[in-house]
**Q** 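Take this structure first; my questions come after.
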Amino acid sequence: MFDLKNIRENPESFDVGMKRRGLAPQAEAILALDEDARRLTLEMNDLQAIRNTASKAIGAAKAKGDEDEFKRLMAEVESVKAKLPALEGAQKEKAETLRDLLSGLPNIPAADVPDGADESANIEIRRWAEPKSIDGAKEHFDIGEALGQMDFETAAAMSGARFVLMKGGLARLERALACFMLDLHTGEFGYEEINPPLLVRDEALYGTGQLPKFKEDLFGINTSEQFWLIPTAEVPLTNIVREKILAEEDLPLRYTAWTPCFRSEAGSAGKDTRGMIRMHQFSKVELVSIVTPEYSEEEHERMTSCAEEVLKRLELPFRTMVLSSGDMGFSAHKTYDIEVWLPGQGRYREISSISNCGDFQARRMMTRCRKKGEKATRYPHTLNGSGLAVGRTLIAVLENYQQPDGSVVVPEVLKPYMGGLENIEKVN
RNA sequence: GGAUGGGUGGCUGAGUGGUCGAUAGCGGCGGUCUUGAAAACCGUUGGGCGUUUGCGCGUCCCGGGGGUUCGAAUCCCUCCCCAUCCGCCA
C-alpha cells in the first residue's frame, strides 16, 4: 500500500516505479479518484456540520419548549438530509475504487535495483567457493531414488504430482538440516524461534501482499470456516505485529520458524516436473525482521549474510544475485536471491530469497511504531527471507556430496544431528 | 456440534438516545520534591481525512456493514471475531 500524499507530490516518480515493474502509469487515475473522493468528502462534511449543529440546537430548543424554533430547525435539517445519502454513497464508492486500485499495485523498486523485465536482468553481486565438478554427477532424484529413500510414485499415488515421500536417512537429513538452520539463527544471529499457525485468514495474507491478487497461488480449505494454507512462514511471522503499535526501542524484532509451505504452483505447469525442486508442499526455515525505517537496508544485508552463512557452513558453493525490478515479488522493495550450485544440473538454482519490503506490508497490516516519548507514529519496515528452503538444501547436499558408489556423505556440521549416521547408503 | 458472555483509546475498564471522542486506573510525557533515583503530589496525554502561514476549525472513527432518529458507543438487523462451559477429538 502507498502513501497518497507521496503520490500527490511526486506522481511522476510513482509512475517511474510502476514502469520499472512493467506496469502502465497509474498516478493519473489514482489522483483523479483521490480528488473526487476528497471533493465529495468535503461537500459531505459541510452538510454534516450543518446537520450536527442544527441537531444540537434542536435538543436545546426542545429542552426549552420553544416549539417555533424546533419546527424551523427541523425544516432546515430536512433539506440537508435529502442531499446527504447520495453524497455519502458517491464518496464511499470513490474511496473503495481507489483502495481496490491501490491494493493491487506492487511495491516500488529501490533506486539501486537494476531495471529489467525478468530474471535475465538480475545481477550477480558475489560468489562463494568454486563450483565442484563431479564426474558423472547425477541429479538429486536419481541419487535419492537409487538410495531407495526418495519415492515420488508412492507420494503420487496418495497425493498426485508435485509431492514426494522420503524415508530413512533422507528423511532424517531433512530434519537435521532444519534443526541446524534453526540452531544457527537462534543461537548466533538473535532470531527468536516461533512455532506459528499454518492456517491463516484472509487478513493475514492481505497484510503480507498475497491477497487479493494472488489467490490462485494458494491452497484454501473450505470448511465451515475459510482458511488458507500458508505459502511461506513469512505470512504468520510478519503478521505477529499486525495492527500493533510497537515501541521503537524494542526493534528490531527477529523471528524464525521452520514450517511446511504450500503452493498451488498454478502457472508452473511443465516447469521442474522431475524431482523435488518444485513441490506443492515443502519445508522452509524462514527469517523475518521488523525494523525502524532507517535500519532496513542494513538489516537486509545482515539477513542475507545469515542465509549465506548456512551455505558456507554446509560448504555448498553459491552466488548471490540482486533481482531486477521485473523479477521481484509483489511486496518487495529490493530482493536478493541466493543460488546454490547443483552439480547434477550443472547450474545455480535459487535456494533463498531475501526481501526488504520497506513500509509496504506495514501499511497493509496497520503496523506502526513510535519513539519513546513521542506522540507521532510511523510505519516500520519489514523484511523476510528464506534461511533456507530446506527441500532445496537437501537437493544441494545430495548433489554436492554424492559419491561414485551412489552414497552421500553427511556434511560435517550436520553430523551432530544425524544420530551417528555419517554416510547415507542404499537400504535393502 | 450445543449453550452463554463479550468486542470501547498504548493497556485495563466505565458508559443503554442529546456538549461522549468518551469517566476512571495503569502506562507515557512535563513538573514539584530529592545529591540522584524511587515513592508521593500537580499537570498533561487517541487516530484518520480535509482545511488553515499559524493559533485553530470541520468531519469521520467505540469489531465490519446496513437501518431507525433532528441526533446513535448507546436502539434494530446482519456479518465477523474473541472468551467460557458442555460434547467430540489429537
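Predicted, not measured: the structure shown is a model, and the values here were computed from it. Proteins get letters first, then strands, A, B, ... in listed order; numbering begins at 1 in each.
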**Q** Taking atom types as modelled, find out whether S13(A) and N10(A) have a side-chain donor-acceptor pair closer than 3.5 angstrom.
**A** no
**Q** Got R392(A) and R278(A) here, is their nearest side-chain heavy-atom distance under 4.5 Å?
**A** yes
**Q** Please report, rounded to the nearest Å, how far the C1' atom of G48(B) is from the CZ atom of R38(A).
**A** 14 Å
**Q** If each of R368(A) and I50(A) is mapped to the nucleotide of RNA chain B with the nearest heavy atom, which maps nearer the 5' terminus, i.e. the 5' end?
**A** R368(A)
**Q** Name each donor-acceptor pair under 3.5 Å that joins a side chain in residues 20-27 of chain A to protein atoms two or more places apart or in another chain, with its distance.
**A**
unit_1 : atom_1 : unit_2  : atom_2 : d
R20(A) : NE     : D115(A) : OD1    : 2.5
R20(A) : NH1    : A110(A) : O      : 3.2
R20(A) : NH2    : A110(A) : O      : 3.3
R20(A) : NH2    : V113(A) : O      : 2.4
R20(A) : NH2    : D115(A) : OD1    : 3.3
R21(A) : NE     : N107(A) : O      : 2.9
R21(A) : NH1    : M328(A) : O      : 3.0
R21(A) : NH1    : G329(A) : O      : 3.2
R21(A) : NH2    : N107(A) : O      : 3.3
R21(A) : NH2    : G329(A) : O      : 2.8
R21(A) : NH2    : A332(A) : O      : 2.9
Q26(A) : NE2    : A24(A)  : O      : 3.0

**Q** On RNA chain B, check which nucleotide each of D3(A) and D46(A) is closest to and give me the residue with the more 5' one.
**A** D3(A)
**Q** Between C55(B) and A38(B), how many Å separate the two C1' atoms, rounded to a whole number?
**A** 39 Å
**Q** Which value, in whole Å, describes the distance between the C1' atoms of nucleotides A83(B) and G27(B)?
**A** 25 Å
**Q** Give me the distance, rounded to whole Å, that separates G31(B) from G36(B) when you measure between the P atoms they each carry.
**A** 13 Å
**Q** From the options G47(B), G58(B), G10(B), select the nucleotide whose nearest atom is closest to the side chain of I245(A).
**A** G10(B)
**Q** What interatomic distance, in whole Å, is found between P of C70(B) and the corresponding atom of U12(B)?
**A** 38 Å
**Q** Convert the base pairs of RNA chain B into dot-bracket notation, remembering that pairs crossing earlier ones are written with [ ] and that bases paired across to another strand are shown as |; include only Watson-Crick or G-U pairs under 3.5 Å.
**A** ((((((((.[[[..)..(.....]]]((((((.......))))))((((((....)))))).[[[[[..)....]]]]])))))))....
**Q** For C11(B) versus U84(B), give the span between their C1' atoms, rounded off to a whole number of Å.
**A** 22 Å
**Q** For atom NZ of K167(A), is the number of surrounding heavy atoms from other residues, nucleotides or ligands below 6.0 Å larger than 12?
**A** no
**Q** In this structure, how many angstroms lie between the C1' atom of C49(B) and the CZ atom of R39(A), rounded?
**A** 16 Å
**Q** Kindly say if N52(A) contacts the phosphate of G58(B), meaning a side-chain N or O under 4.0 Å from OP1 or OP2.
**A** no
**Q** Along nucleotides 63-70 of chain B, 5' to 3', which nucleotides get a B, which get an S, and which get a -, given that the test is a protein heavy-atom distance under 4.0 Å?
**A** --SS---B
**Q** Ignoring the backbone of K5(A), work out which of C81(B), G58(B), C49(B) is nearest its side chain.
**A** C49(B)
**Q** Rounded to the nearest Å, what distance is computed from the CG atom of residue L246(A) to the P atom of nucleotide G28(B)?
**A** 17 Å
**Q** Is R263(A) paired with D217(A) through a side-chain N to carboxylate O contact shorter than 4.0 Å?
**A** no
**Q** Could you give the distance separating U53(B) and G47(B) at their P atoms, to the nearest angstrom?
**A** 23 Å
**Q** Starting at atom CZ of R370(A), determine the distance to atom P of G28(B), rounded to an integer number of angstrom.
**A** 13 Å
**Q** With C1' as the reference atom in both, quote the distance from A14(B) to G25(B) in angstrom, rounded to an integer.
**A** 11 Å
**Q** Using atom C1' in both nucleotides, what's the gap between U19(B) and A72(B) to the nearest angstrom?
**A** 15 Å
**Q** Salt-bridge test for K92(A) and E88(A): reply yes if a basic N is under 4.0 Å from a carboxylate O, no otherwise.
**A** no
**Q** Per the side chain to side chain contact (heavy atoms under 4.5 Å, CB included) rule, which among R254(A), H300(A), R302(A) passes with S289(A)?
**A** R254(A)
**Q** Tell me what R8(A) touches on the nucleic acid: a base, only sugar-phosphate, or nothing, going by heavy atoms under 4.0 Å.
**A** sugar-phosphate
**Q** Tell me: CG of N239(A) to C1' of C81(B), nearest whole Å?
**A** 15 Å
**Q** Starting from P on C60(B), measure out to CG on L47(A) and report it in whole angstrom.
**A** 11 Å
**Q** If we count only N and O atoms by modelled type, under 3.5 Å, do the side chains of E301(A) and Y336(A) hold a donor and an acceptor together?
**A** yes
**Q** In whole Å, I'd like the distance from the CD atom of Q91(A) to the C1' atom of U59(B).
**A** 11 Å
**Q** What pair of heavy atoms forms the shortest contact from V241(A) to M365(A), and how long is it?
**A** CG2-CE, 4.0 Å
**Q** Over how many whole Å does the gap from L40(A) atom CG to U51(B) atom P extend?
**A** 14 Å
**Q** OP1 or OP2 of G48(B) sitting under 4.0 Å from any side-chain N/O of R99(A)?
**A** no
**Q** Counting only heavy atoms not in E188(A) (residues, nucleotides, ligands), do more than 12 fall under 6.0 Å from its CD?
**A** yes
**Q** I need the minimum non-hydrogen distance between F282(A) and P231(A), along with the two atoms involved.
**A** CZ-O, 4.3 Å
